[in-house]
Amino acid sequence: MKEIFPKKYDFNKQEKHWLAFWKKNKIYRFDNQSSRPIYSVDTPPPYVSAAHLHAGHIMSYSQAEFVVRYKRMKGFNIFYPMGFDDNGLPTERFVEKKYNLDKSKISRSDFIKLCLKETKTGAQNYRDLWTSLGISVDWTKIYSTINALCQKVSQWSFIDLFRKGKVYRQEEPVLWCPFCQSALAQADLEDETVNSSLNYISFSVDNKKYPIATTRPELIPACVAIFANPQDQRYFSLKNKKAAIPLFDYSVPVYFSPEVDPKFGTGLVMVCTWGDFEDIKKFKEFKLPIREVLNQAGEFNDLGGRLKGLGITAARKKILDDLLKENLLVRQEKIKHVINTHERCGTPVEFVLAKQWFIKVLESKKELLEKGKKLNWYPGHMRHRYESWIKGLKWDWCISRQRYYGVPFPVWYCQDCGEVIPALEKDLPLNPAEVKPPVSNCPNCRSVRFIPEKDVMDTWATSSCSPFIIPELVKNKKIRAKIFPNSLRPQAFEIIRTWLFYTIVKAHHHFNKLPFKDVMISGHGLDEKGKKISKRLGNYIKPSILLKEYGADAIRYWATGATLGSSHRFNLKEVEKGKYLVTKLFNASRFCANYLSGFKSRPEDNYRLEPEDDWILHELNQTVKEVTLAFEKYEYAKARNDLDKLFWATFCDYYLEMIKHRADEASVRYVLYRCLLTILKLYAPILPFITEEIYQRLFRENEKKISLHLADWPRPNENWQLAPKDLKEIGYFISEIDGIRKEKVARKLRFKELLTGYTPRTKVNLTLFGKKLQEMLAVEFGEAE
RNA sequence: GGGUGCUUAGCUCAGUUGGCAGAGCAUUCGGUUUACAUCCGAAAGGUCGUAGGUUCAAGCCCUACAGCACCCACCA
């Protein structure tokens with residue numbers, strides 16, 4: 001058998017070989033002709049800006065991959081595409097950082113060129129890694145969010161929502177990043193706790209001083225009103241009075257609102273244009289005037305007076321100095337407080353008055369919560385995150401960004417009356433700056449002058465279309481209809497409030513449907529000490545090194561250890577264990593090869609099975625049931641554990657030892673054939689390379705299927721199932737013996753000795769066993785000999 | 001402030017519907033001439049976060065509390 005099984009398994013060489021084999025034979029292609037049920041996966045398109053790939057990426061993408069391979073063998077026609085998210089702010093930020101660019105100092109077209117170049121490299125990095133890991137994506141079904149198809153779908157989505165009245169354009173204070181100089185959505189924010197000071201500043205009413213506490217003293221020139229709680233006796237006298245603004249020569253009215261907390265600071269609040277959400281609320285409620293002192297870059301304008309030209313930090317320092325000089329700064333308290341920053345650049349956000357496009361979400365909160373209840377969540381508790389996000393929403397989804405590299409809005413405006421002119425669906429995708437509107441006169445005022453929209457869409461406005469982008473990768477319309485809604489959305493927990501939420505919003509508005517049936521939420525990969533893996537900490541091993549040292553199967557083995565939704569520590573020992581398992585599988589198979597050479601499985605044959613054969617087939621059958629059930633519930637970790645136990649502890653350590661003296665028996669060859677093939681199939685979703693290797697060497701000729709990964713998933717065989725009574729009769733004590741746990745007994749027994757002298761009715765020699773077990777067995781079988 | 005999850009052997013973690021506390025790694029000891037980049041067997045190692053409760057029986061169910069992680073809210 002030497003020529004069939006070499007002494008060693010060279011995984012580096014063989015993994016490459018099987019990758020080429022799968023590619024050449026199109027093993028993972030979606031089948032356009034098939035009538036089998038489709039299992040479609042809305043694969044997360046990674047940001048190509050995540051250039052530093054590590055175990056965390058491997059983990060989250062492997063999890064969906066295990067399930068997909070299982071479903072493929074279960075007989076589903078797998079639609080497993082891959083996308084790359086390469087438009088929008090994340091990409092722009094990545095390029096800006098890498099080349100140290102300033103958006104205002106580079107031409108739009110040069111900038112876009114750089115973005116395209118970088119995204120190409122980034123996408124290739126991902127593709128190389130996924131390929132080497134054996135991720136069974138159909139690489140003929142790929143998309144990038146900046147390509148024509150995605151632009152077309154997201155522009156269609158916009159126009160459809162426009163027609164349905166689900167988007168609107170409005171000028172109002174929006175979340176604004178002064179660094180990126182763009183509007184943002186609520187989901188783009190991150191919390192940051194900062195050490196700050198609460199400054200008590202003297203305002204005066206009728207020449208009497210009233211200190212007001214604020215963390216934003218630089219916004220004094222933007223102050224438009226003072227507020228107090230209507231129950232607060234200290235300030236009753238301020239009713240209908242005006243307060244003089246310190247350092248700036250104007251006054252503002254005093255108002256009362258129950259929302260003011262009398263216990264905070266002095267119980268007086270200055271309301272500005274606009275320091276926070278409460279300011280905006282009062283601005284709307286009390287119809288306050290606007291005093292915009294910041295420009296879009298976060299610098300003070302003319303209205304800022306002495307602060308003109310300064311940035312926020314400098315302005316804060318200057319105004320505190322000036323206040324101190326003028327004796328207007330009563331005191332300062334050091335406080336920790338939470339500010340909102342832009343998650344892409346860490347800059348504290350401001351509010352700027354600007355005309356933006358919004359998708360309506362606030363009015364649909366209830367329906368969106370209902371949709372969340374109908375979705376199958378794995379794990380179930382992740383639904384709470386979705387719900388708490390919706391409950392806390394304060395803004396509709398702002399989708400316009402004042403940026404370059406993204407999908408353009410397919411609209412023009414009438415220069416005279418402002419009428420919105422949407423593009424025609426048949427003309428998509430298009431850039432309104434480059435083509436003329438579909439009308440020659442404004443339908444409202446007959447004007448002939450139009451202005452194209454220059455803003456681009458939020459990147460999520462495109463990626464949230466993924467469930468209806470991916471069917472477009474198939475030509476046949478009937479098949480497209482079967483791909484949506486998708487079967488599975490796998491994704492990480494931190495984008496529940498963005499990708500998942502937005503996708504559900506879109507599918508709701510467009511089709512009143514859920515975009516997918518199941519959602520599978522993965523956790524984070526952590527380093528060995530439990531810290532988040534990051535480039536800055538350098539706390540990870542490069543995937544290329546892991547692949548070279550341990551092989552793809554071994555890394556995948558580690559990845560199965562991650563429970564859905566929980567973070568999972570990287571553990572080199574687990575990777576090593578995976579490598580040992582691969583070796584063990586290879587060696588055990590090499591051993592079996594000696595028996596299986598030339599063996600033809602004939603189901604009609606009646607083999608004379610020995611008790612240990614019955615037993616191992618029984619165990620095998622049990623494991624098939626367990627593993628199948630586990631995969632159905634996306635519990636690949638449990639599947640792997642059950643399988644390890646069967647293969648290593650039961651099949652190798654016991655069964656193979658027992659049958660060594662029966663090399664020439666047909667029954668043994670039959671049982672070995674069934675066991676090994678089934679074990680390979682069960683391991684196939686997790687360890688695709690080694691299982692294929694062994695399948696090709698030992699089983700391909702008989703089984704005919706070109707690849708193990710297209711073989712049928714094992715089905716339980718009731719003929720192999722032994723009643724507890726029979727197991728007991730056989731005397732192996734393997735299964736439940738009057739409530740004695742299976743494993744516990746099996747582990748303690750010394751099978752080699754037991755079997756050497758075995759005949760069905762022989763009394764067991766109890767001296768072979770340990771004391772505890774002797775007692776247990778004595779109860780079971782009467783007195784010892 | 002509200003919520004979710006977690007807390008089990010030195011380490012990393014399993015523990016299905018309540019029924020004699022588990023695996024791997026690490027440690028110690030023994031064995032190994034033929035499938036084994038070793039492998040096999042055994043030992044040792046635990047007040048299952050704390051305190052109550054339900055039950056014949058609780059790691060598991062209930063209540064309270066503590067610590068850790070994350071989500072949401074607060075943001076003058």
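Nothing here was measured: the structure is a model prediction, and the numbers come from that model. Convention: sequence-line order gives letters A, B, ...; per-chain numbering from 1.
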* Pairing residues for D276(A) by the side chain to side chain contact (heavy atoms under 4.5 Å, CB included) criterion, not counting sequence neighbours ->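 Side chain to side chain contact (heavy atoms under 4.5 Å, CB included) list for D276(A), sorted by chain: E278(A), D279(A).
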Whole angstroms only, please: what is the [atom1]-[atom2] distance between [X] and [N]?
| X | N | atom1 | atom2 | value |
| --- | --- | --- | --- | --- |
| E278(A) | rA76(B) | CD | P | 10 Å |
| F264(A) | rG1(B) | CZ | P | 16 Å |
| L572(A) | rG24(B) | CG | P | 19 Å |
| L656(A) | rC40(B) | CG | P | 11 Å |
| E574(A) | rG24(B) | CD | P | 11 Å |
| K633(A) | rU16(B) | NZ | P | 10 Å |

Can you tell me if the side-chain N/O atoms of [X] get under 4.0 Å from OP1 or OP2 in [N]?
| X | N | answer |
| --- | --- | --- |
| W648(A) | rC40(B) | yes |
| R497(A) | rC72(B) | yes |
| H568(A) | rC13(B) | no |
| N587(A) | rA37(B) | yes |

* Asked: Nearest nucleotide by nearest heavy atom, which residue falls closer to the 5' end of RNA chain B, K8(A) or R385(A)?
  ->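 The residue whose closest nucleotide sits nearer the 5' end is K8(A).
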* Which sits closer to the 5' end of RNA chain B, N571(A) or K577(A), going by the nucleotide each is nearest to? ->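 Result of the comparison: N571(A).
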If you look at every strand shown and take non-hydrogen atoms under 4.0 Å, does [X] touch a base, only sugar-phosphate, or nothing?
| X | result |
| --- | --- |
| C652(A) | base |
| K573(A) | sugar-phosphate |
| T563(A) | sugar-phosphate |
| Q186(A) | sugar-phosphate |
| T583(A) | base |
| F586(A) | nothing |
| K532(A) | nothing |
| D261(A) | base |
| V271(A) | nothing |
| G392(A) | sugar-phosphate |
| N340(A) | base |

* **Those residues that, when tested against R556(A), pass salt bridge (charged side-chain N to carboxylate O under 4.0 Å, His left out) (two or more places apart)** =>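 For R556(A), the residues satisfying salt bridge (charged side-chain N to carboxylate O under 4.0 Å, His left out) (neighbours in sequence not counted) are E65(A).
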* What is the pairing partner of rG18(B), taking Watson-Crick or G-U wobble pairs with both distances under 3.5 Å in any strand? ->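 Pairing partner, where one exists within any strand: none, as none qualifies.
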* Asked: Using purine N1 to pyrimidine N3 plus N6-O4 or O6-N4 for Watson-Crick, or N1-O2 and O6-N3 for G-U wobble, each under 3.5 Å, what pairs with rC68(B)?
  ->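 Partner of rC68(B): rG5(B).
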* Asked: Can the ring centroids of F227(A) and F286(A) be said to lie less than 6.0 angstrom from one another?
  ->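 Aromatic pair counts; centres sit under 6.0 Å.
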* Asked: Do H524(A) and F493(A) have their ring centres less than 6.0 Å from each other?
  ->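 Under 6.0 Å, so yes.
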* Y636(A) and Q63(A): side chain donor to acceptor below 3.5 Å ->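 Yes.
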* **Within 45° cone and under 6.0 Å: R497(A) NZ/CZ vs Y386(A) ring** =>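 The answer is no; the distance or angle limit is not met.
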* Distance between C1' atoms of rG31(B) and rA23(B) (Å, rounded) ->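 Pairwise C1' distance, rG31(B) against rA23(B), rounds to 23 Å.
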